[in-house]
Q: 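My questions will all concern the structure given below.
Both counts, for ligands and for their atoms, begin at 1 and track the order of listing. Here the structure is a predicted model, which is why all the values come from computation and not from measurement.
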Amino acid sequence: MSEKIRIDKYISSQTTMTRKEIKKLIKQKGVKVNSIVCTSPDFKVSTDMDKISINGEVIKYKKHVYYMLNKPPGVLSASEDKKAQTVIDLLPDNMKRANLFPCGRLDKDTTGLLIITDDGDYAHRVLSPNKNVYKQYIATLDKNANEDIVEEFKKGIIFSDGTVCKPAFVHSINKNTVTLDICEGKFHQVKRMFAVLNYTVIGLKRVRMGALCLDDTLDMGQAKELSEEVAFSALKNIV
Ligand code: URA
């Protein structure tokens, strides 16, 4: 949808530049609108009709972006942190822009599928437990899993504080590796559910959210952009 917005707002939404830096750039004649030098930060531009360039490079306006990251261990699922490396730090410069955040959190040691976006409404929909969208995890346990966990997960695991989890579904068991589908995102949920059944999770990887599967050609720490259609498949369960 076409929108008319201030050029400084336009640039700050598409890049990591601050308003101050944008003002300076405009002063230095670094910004052009349809090949004409822009002289004022409050100049209004159309998000789909006008061609904006920064130092000669044309910006392709996108209201929102959706990235798939293959999260490596040891990285925080946060937008910023004073000490630790975050999932946003892993993005290459050409993918970075303002307001990016991880759509839900994976523990620091958990790996696999993480969506990064700047679309708050989308994140809300993906994460809402009321939507019952299933996320698939591969858990490596400290010992071989017994078949009876299938029923336990289906019944709904009860944490020691009385919290009842929604039914979870074991997709497959191979010795100490269990593939499990859950539709909630409680703190350390998978690890805590297995702990109730006397297993310790020693490795955890998320491989699917709704109908969106982790692209296994992505190296650990690598990200790729998703089309809106593919990103929104995370809201649909595979039946
Ligand atoms: N459940 C966990 O215990 N940890 C995660 O990172 C995700 C789900």
Side-chain angles (χ1 to χ4, degrees), residues 67-81 83-91 100-117 122-143 145 149-150 152-174 176-216 218 220-223 234-235 237-238:
Y67 300 143
M68 173 189 287
L69 173 75
N70 185 2
K71 182 190 172 296
V75 177
L76 271 194
S77 294
S79 296
E80 53 183 18
D81 191 84
K83 290 186 198 137
Q85 188 182 36
T86 72
V87 288
I88 306 296
D89 296 331
L90 293 176
L91 297 175
L100 289 174
F101 61 91
C103 179
R105 282 165 187 263
L106 290 178
D107 297 338
K108 199 170 177 183
D109 57 350
T110 301
T111 61
L113 174 58
L114 188 71
I115 299 171
I116 293 174
T117 185
Y122 166 81
H124 179 72
R125 288 176 63 191
V126 170
L127 301 174
S128 166
N130 301 331
K131 297 266 188 292
N132 287 335
V133 176
Y134 277 82
K135 285 101 189 165
Q136 188 168 81
Y137 292 85
I138 301 176
T140 309
L141 309 177
D142 59 334
K143 55 182 180 261
I149 64 168
V150 174
E152 297 293 332
F153 277 121
K154 216 188 274 181
K155 276 195 292 187
I157 299 287
I158 304 173
F159 291 151
S160 53
D161 64 0
T163 306
V164 181
C165 298
K166 289 190 174 178
F169 300 97
V170 175
H171 181 264
S172 62
I173 300 177
N174 181 5
N176 68 333
T177 304
V178 177
T179 303
L180 182 71
D181 290 359
I182 66 169
C183 68
E184 299 165 293
K186 299 187 198 304
F187 185 60
H188 296 328
Q189 177 148 0
V190 175
K191 292 173 185 164
R192 286 163 70 207
M193 287 198 298
F194 274 106
V196 170
L197 303 176
N198 292 316
Y199 295 94
T200 302
V201 174
I202 57 172
L204 190 60
K205 177 179 182 178
R206 183 161 63 194
V207 291
R208 187 153 60 74
M209 296 172 77
L212 179 67
C213 294
L214 176 66
D215 175 349
D216 51 22
L218 283 180
M220 284 259 197
Q222 206 185 352
L235 287 161
N237 276 322
I238 296 177

Q: With a 4.0 Å cut-off on N to O distance, would you call R206 and D107 a salt bridge?
A: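 No salt bridge links R206 with D107.
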Q: Return the residue, atom name and 0.1 Å-rounded distance of the protein heavy atom closest to atom 1 (N) of ligand 1.
A: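 Here the nearest protein heavy atom works out to V190 N, 3.1 Å.
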Q: Using a strict cut-off of 4.0 Å, indicate which atoms of ligand 1 neighbour a heavy atom of T110.
A: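 Atoms satisfying the 4.0 Å criterion: 4 (N), 5 (C), 6 (O).
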Q: So, taking the atom named CG in D181 and the one named OH in Y134, what distance separates them when rounded to the nearest 0.5 Å?
A: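 Reported value, rounded in 0.5 Å steps: 8.0 Å.
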Q: Has the side chain of D81 got a donor or acceptor atom that lies under 3.5 Å from a matching backbone atom of T86?
A: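 No.
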Q: With a 4.0 Å heavy-atom cut-off (strictly under), which part of V201 contacts ligand 1: side chain, backbone, both or neither?
A: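 The answer is neither; V201 stays 4.0 Å or more away.
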Q: Report yes if K191 has an N/O atom closer than 3.5 Å to an N/O atom of ligand 1; otherwise report no.
A: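 Among all N and O atoms of K191, at least one is under 3.5 Å from an N or O of ligand 1.
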Q: State whether a side-chain donor-acceptor pair under 3.5 Å links N132 with K166.
A: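 Yes, side-chain donor-acceptor contact under 3.5 Å.
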Q: Could you find the nearest protein heavy atom to atom 4 (N) of ligand 1 and give me its residue, atom name and distance?
A: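 Heavy-atom neighbour on the protein nearest atom 4 (N) of ligand 1: D107 OD2, 2.7 Å.
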Q: Under the criterion side-chain contact (heavy atoms from CB on, under 4.5 Å), which of I182, L180, V196 is the partner of F153?
A: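 Single side-chain contact (heavy atoms from CB on, under 4.5 Å) partner of F153 among I182, L180, V196: L180.
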Q: Any nitrogen or oxygen of Y137, side chain or backbone, less than 3.5 Å from one on ligand 1?
A: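 In fact, backbone or side chain, Y137 has no N or O that close.
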